[in-house]
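What follows is a single structure, written as structure tokens, with notes after it.
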Amino acid sequence: MHIFSLNPNIFLIISLSPLFGSILSGLFGTSFFGKPVLNRTIVHIITIFAVFISFIGSVIVITDIVNNRSCYEHVLYTWSVIDDVELEIGFLIDTLSALMMLIITSISLMVHIYSIGYMYDDESYQRFFSYISLFTFAMLMLVMSNNMLQLFFGWEAVGLVSYLLIGFWYKKESAIIANMKAFLVNKVGDFGFILGIGLLFSYTGTMNYYEIFDKINGLVGKVIEHDVIFSECSIITVACFCLFVGAMGKSAQVPLHAWLPDSMEGPTPISALIHAATMVTAGIFMVARFSPIFEYSSFVLSFIIFVGSIGALFLGILGIVQYDIKKVVAYSTLSQLGYMTVALGVSSYSLAIFHLMTHAFFKALLFLGAGSVILGMHHNQDIRYMGGLYKHMPITWITFLIGTLSLVGTPFFSGFYSKELILEAVKNSDLYGSSIAYYFLLIGVFVTSLYSFRLYFLVFHGSPKAKNNYLDEGKVISHNHNIDDHHPKESSIVVTMPLLLLSIPSIFIGYIFADRFLFNGLFDNVITIIPDHLSFYKVSLNWHGSLNFALHSLTSIPVILTVSGAIISWYLFLINTNLPVVIKDRFSLIYNVLQEKYYFDFLYEKIAVSVYYIGLFFWRFIDQILIDKLIVNGCANVACFFSRISKKLHSGFIYYYSLSMTMGIVCLVTFFVFIR
């Protein structure tokens, strides 16, 4: 590691400040016996200041990392020693982790400020701030770790806090169902993740990242021996597959994706913080961190391409039929995560991280903008009751438009650079599955534009009464529900200020940093790409700066598809508003499949019910009857039975014993007579 030019204590300050704010607001902001010690104002001041300290520290760290091309590994202490294997607690700070730290703390800071206005009337105000600060701490521990043990701690901690936040309104039944669904689905992924960690540990004898990477070359070509399931399989392939299963759960990839749309039951700031900007990108970060391992398994890389391309297209299509404003944005998150995953699969790890960064800002902007709309509509989330909001909520309107333009990949906006470069990388890849993935992503560009502008037009333009043509389970929406009845108005300054601040990186961050972050060698010492996987290298050969790239793409197929999707949305949802109903009736079978979300929820329910009844059978018949009554208590019951019989024979009267002896002799004589 390089010589420290920074005080190592800065890493402790960055990671522990949000934890300190969470503990204070959780212990002293909640009423246990009477009035809480800390009121609402003090609680949000403490938590915001704590996250602000982490943000400033992250800015200092990434500035030093980028300017000095430095990399720090700092071990805090040795947690345990097992057979000469040291399990350490420490930090690894390089370009990748420093960038993630900046993303997490900046988005978290905006969400903290935004929550002052959004959660103003909530009775659990202090508890909410305690939770989101705790989540920030958990996510920082995940990305700053220098070993797999600490990574797993952060991995599970963000899952726990996500469970608490999705079910924040615990008196609401749908919220409880949603957080349990998220928890269980993530446990499936976590099971694979811990298997991958255990496999790497068993063959390398260490948990430290760099020590594992140094020993990977020795595992190339080796297979697992004497195993029932994975015998003769490549060690690296099985380890990478198990690790990616963990990423599938955390980053909501098919088929472990169904928890994310339902997680919109939590407060809107949570949707922006956890399920758009940070938690769902943990899997993307993890695969990029383990690139020195994934590069040696072409099979797993092709599997990653396959999973990501399906999510990018088919999960995005579901956004077209959604009417909940937050769920439309949630399905766009699933689609964009698919783009990141495909980028990982074609070994363009830095592109995946770059899209992670741009997506974090414009998707947080869209979710917080959706929350502002929900406030203006008095917590009505159905977009069919909206329309014409640009006149009433101008700041929310313009910032939401900026987020939409960045999401669909409009030239010169941030999302354009990351998405367009991913398409180029997939196009230049020679890995199996990349060809079909390229066409899936191209169609996904059109689909993204279609549902994004559908949402934008229905919410901010048109007449709200025109929405009464849309049907909901065969019933026309009541004319009494329209925008004029709600008297919407622009949100308060604490809500709109984060929107304005997030708009700046949503527009400029791609143009400014694409060249420096992608083509200036910042990730060379962090990410490993073997010579056989040169898709990103081919992209770099055709790169001539952000301006030229945007100008040359104005007539490209992705931009044409983006414009086409916007025009079709404009026609369908502003001009000929009866046509969507006609299309829905004409293709009712497809529409029903999309409404049922490809029946994944139905499948999950059947699996859950089957597991429940299997467990019930084992409990009642195997555990209670076979084990408890027959095996454990069976011997005792037999002894008790014979003791009750023998007890009646021992009466103490001599004539009973004489009779018994006589009957016994008669029986024996009779027996021997018949035998002879």
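Sequential numbering from 1 along the given sequence is applied to the chain's residues.
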Looking at side-chain heavy atoms only, is the closest gap between [X] and [Y] below 4.5 Å?
X	Y	result
His392	Glu490	no
Ile132	Ile270	yes
Leu574	His461	yes
Pro498	Leu501	no
Leu365	Ile402	yes
Tyr451	Thr448	yes
Ile422	Ser348	no
Phe55	Leu102	yes

Check whether any side-chain N or O of [X] sits under 3.5 Å from a backbone N or O of [Y] as a donor-acceptor pair, and report yes or no.
X	Y	value
Ser406	Ser506	yes
Tyr114	Ser372	yes
Ser414	Gly510	yes
Thr358	His355	yes
Ser569	Ala566	no
Asn179	Tyr163	yes
Ser162	Gly159	no

Verify the neighbour count for atom [atom1] of [X]: are there more than 12 heavy atoms of other residues, nucleotides or ligands below 6.0 Å?
X	atom1	result
Tyr599	OH	yes
Leu589	CG	no
Trp570	CH2	no
Phe168	CZ	yes
Lys427	NZ	no
Ile557	CD1	no

Using 30° and 60° as the class boundaries, would you call the ring planes of [X] and [Y] parallel, tilted or perpendicular?
X	Y	answer
Trp543	Phe549	tilted
Tyr456	Phe453	perpendicular
Phe517	Phe513	perpendicular
Phe314	Phe440	perpendicular
Tyr598	Phe600	perpendicular

Partners passing ring pair (Phe, Tyr, Trp, His ring centres under 6.0 Å) against Phe52 (at least two apart in sequence or in another chain):
none
Carefully, step by step, assess Ser251 and His257 under the rule side-chain hydrogen bond (donor to acceptor under 3.5 Å, both in side chains).
CA-CA 8 Å; Ser251 292; His257 67 281; over 6 Å; no
Would you sort out whether Glu265 and Ser174 count as a side-chain hydrogen bond (donor to acceptor under 3.5 Å, both in side chains), showing the intermediate values?
CA-CA 7 Å; Glu265 292 292 339; Ser174 58; 2.9 Å; yes
Value for CG (Leu315) from CG (Leu334), rounded to nearest 0.5 Å, stands at 5.0 Å
Pairwise distance CZ(Arg516) to OG(Ser546) - rounded to 0.5 angstrom:
13.0 Å
Is the NZ or CZ atom of Lys419 both under 6.0 Å from the centre of the six-membered ring of Tyr339 and within 45° of that ring's axis?
yes
Can you tell whether the side chains of Arg384 and Asp382 come within less than 4.0 Å, N to carboxylate O?
yes
Check: Tyr125 ring centroid to Phe129 ring centroid under 6.0 Å:
yes
Between Tyr349 and Phe523, does the ring centroid distance fall short of 6.0 Å?
no
Thr410 vs Phe413, side-chain contact (heavy atoms from CB on, under 4.5 Å): CA-CA, chis, key distance, verdict:
CA-CA 6 Å; Thr410 307; Phe413 283 76; 3.8 Å; yes
